[in-house]
Amino acid sequence: MRKIIILACLLGIISFSTQAQNDRNNTINKALEKGWTIEVKAGLSSGGFSPIPLPREIRSIRSYSPGFNALLECQITKWIGSKAKWGISSGLIIENKGMETKARVKSYHTEIINGKDKVSGFWTGNVKTNIDATYITIPLKANYKLTDRFKISFGPYFSYLLDGTFDGEVSNGYLRVKNPTGQKLSFENGKSAKYDFSNDMREFMYGALLGCSWQSFKHLSVFSQLSWGYQSIFPNDFKTISFKMYPIYLAFGLSYNF
Amino acid sequence: MKNKSKNLYLIIGLYLLSMSTIFLSCIREEALNTEADIVSIKIPKDLLKRTPIIEDTQIICNMDVNADLTSLAPEFTITEGASIMPKSGTKLDFTNPQIYTVTSQDGKWQKKYTIKCIKTETANNFHFNFFKEGVMDENNPDNKFHIIYEKIDATNTLDWSSGNKGYSILASGKAPEEYPTSFSENGYKGGCAKLVTRSTGPLGAMFGSPMAAGNIFTGKFKLNIANALKSTLFGIEYKHEPLKLTGYYKYKSGKEYKQFTDSDGNKISGGKVLDIKDECSIYAVFFEITDGVEHLDGENILTHKNIISIAKLENSVESDDWKKFDIDFKLKEGKSIDSEKLKNGKYNIAIVFSSSKDGDKFNGAVGSTLYIDEVQLISKKQ
């Protein structure tokens with residue numbers, strides 16, 4: 001559903017910008033003269049929430065699908081000096097970060113949850129993880145024009161989680177209740193158990209952005225942006241999953257320059 | 001112009017390369033094993049009457065009546081890389097239970113196993129008193145439930161089994177009295193067994209066990225969450241021809257009867273309330289052991305082809321006072337007892353009590369309570 005909303009916004013902005021191309025008003029023209037530029041970017045990103053390095057509990061990754069992650073950014077840049085080589089930009093990003101992975105793990109600490117009840121322990125077997133998070137992000141970027149058409153940008157970002165899902169299921173293995181010597185609960189023959197940590201996800205996050213864009217036409221650029229989270233998807237006091245998972249996403253898209 | 005797009009491709013290429021490196025390349029060396037299980041136990045076959053079953057933290061070995069328990073050297077296989085003390089093959093005196101400690105490969109985890117070698121040969125009339133052995137493993141908060149046992153003779157005891165071990169997973173922090181099976185001081189004479197059908201909450205439902213009937217039986221318990229019915233391994237060696245099962249019971253049905261499995265065996269999510277009373281179950285099954293069939297389980301305890309005779313209380317009643325039951329074993333059609341096999345210990349007896357008759361199918365009323373005391377298994381004189 002969230003993806004559909006973002007897609008709708010995206011289409012809206014594209015049509016708006018097409019419209020805007022026809023009747024750019026004086027305010028924008030004036031802003032441009034003073035070294036301001038405004039861009040609306042739309043893109044798709046892929047990546048994942050990954051522990052770095054991969055913890056030893058993970059024995060193999062059976063499948064990985066980044067899903068469809070939309071990104072929508074409105075960016076205002078103030079170019080500095082007469083040459084306008086350097087600029088500083090900020091704005092607002094609405095983005096999805098999601099993925100689905102299937103991994104084989106050994107003695108991976110987790111909790112099977114249902115309502116208030118939970119069974120924690122060490123899982124050996126298959127784990128399917130589904131993450132789908134929507135963030136509103138404020139970037140703060142330094143921009144540098146390598147050429148008239150090609151620019152790079154970098155800087156920190158600050159994200160707030162609007163809506164997030166972190167769930168999945170375990171199957172084809174066994175849970176040792178509480179600790180590795182606890183009772184062995186075998187999940188064989190397609191029997192599985194679900195887990196859901198959606199309510200434990202970190203709300204505020206920060207990280208770094210590294211991007212580049214190439215102006216293909218007067219008003220249109222292609223861009224790419226790497227977003228590297230410095231914080232795990234879960235707060236530090238969340239001990240259920242023993243390792244940190246950092247969001248690392250790479251976006252490609254089109255940017256409309258006013 | 002062309003150069004610039006080349007640059008762009010290069011940068012994109014580098015990005016993709018770095019991403020794939022992060023996500024795919026770094027499966028690290030496997031960590032040392034953390035588990036510390038006894039996987040198998042080996043005792044000379046001629047000393048054993050039944051194949052030992054490795055339960056969560058204990059192994060009960062049913063020994064031949066002539067076996068010398070004072071010097072036994074069981075051999076073990078354990079989790080890869082783990083170590084065991086005393087060492088596999090060490091000669092020990094098993095007149096009393098021995099405790100073995102298994103240490104995991106990474107050295108961080110230990111698991112203690114109690115190994116009991118018992119001789120369960122009884123007189124032809126056996127009286128079950130229901131003694132309380134205490135609380136199993138008081139140090140482990142997961143195992144705070146009562147163990148009820150019988151004295152076979154001066155040295156041998158027989159533990160009753162129950163499903164408490166399975167319930168313990170969902171019952172963190174519960175007192176022994178809150179388990180489905182517990183000991184009560186208020187017996188017909190002395191203490192007795194108290195069986196109560198308990199709810200297992202939403203998590204239990206998720207595991208496919210929305211309720212847990214109190215049960216107590218002769219046999220073993222090895223949790224099987226894929227099929228809860230297969231967790232109860234019914235039956236112990238019995239060398240007499242059983243005639244009657246007698247004893248005293250007191251039963252009250254819980255308030256609301258819920259059906260979680262319909263008559264076709266399909267699961268009913270959330271359960272369906274039926275306007276009926278719960279019933280308890282009291283029965284004993286005498287069966288032959290054959291290759292691969294040393295126990296019956298919840299699926300076949302009343303239907304298996306090896307069954308010779310069954311004594312089953314048909315119409316249980318609700319009462320505030322103790323009621324006597326006196327039930328005859330009925331021979332199955334076409335079955336007879338072979339005296340040679342009887343002498344060689346080729347038959348088992350399973351005595352089963354449950355606070356909900358259909359508790360194995362998760363049909364019953366939470367709160368149904370059955371007290372059981374002074375049970376006698378009366379057999380033919382030889």
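Throughout, protein chains are lettered first and strands after them, A, B, ... in sequence-line order, and every chain is numbered starting at 1.
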Other residues, nucleotides, ligands: >12 heavy atoms within 6.0 Å of B:N266 CG: yes
Chi angles and distances behind the side chain to side chain contact (heavy atoms under 4.5 Å, CB included) call for B:W109, A:N179: CA-CA 9 Å; B:W109 301 95; A:N179 63 51; 3.4 Å; yes
Part of A:R59 within contact of chain B (heavy atom distance under 4.5 Å): both
Neighbour count >12 (heavy atoms, 6.0 Å) for atom CD, B:E80: no
B:R28 side chain to A:P55 backbone, donor-acceptor under 3.5 Å: no
Part of B:N224 within contact of chain A (heavy atom distance under 4.5 Å): neither
Toward chain B, the part of A:S60 with a non-hydrogen atom under 4.5 Å: backbone
Within 6.0 Å of NZ in B:K112, more than 12 heavy atoms from elsewhere: no
A:K244 atom NZ, over 12 foreign heavy atoms within 6.0 Å: yes
Greatest number of heavy atom pairs closer than 4.5 Å to chain A - which of B:K108, B:E35, B:K111: B:E35
Worked check of side chain to side chain contact (heavy atoms under 4.5 Å, CB included) between B:T34 and A:K106: CA-CA 10 Å; B:T34 51; A:K106 176 184 164 182; over 6 Å; no
Rounded distance [0.5 Å steps], NZ in A:K184 versus CG in B:D56: 11.0 Å
A:F223 versus chain B, the contacting section by heavy-atom distance below 4.5 Å: neither
Nearest-0.5 Å distance that lies between atom CZ in A:R104 and atom CD1 in B:I27: 13.0 Å
Contacting moiety of A:S107, where chain B heavy atoms sit under 4.5 Å: side chain
Residue pair A:Q183 / B:S168, side-chain donor-acceptor N/O under 3.5 Å: yes
Flag if over 12 foreign heavy atoms under 6.0 Å of NZ, B:K267: no
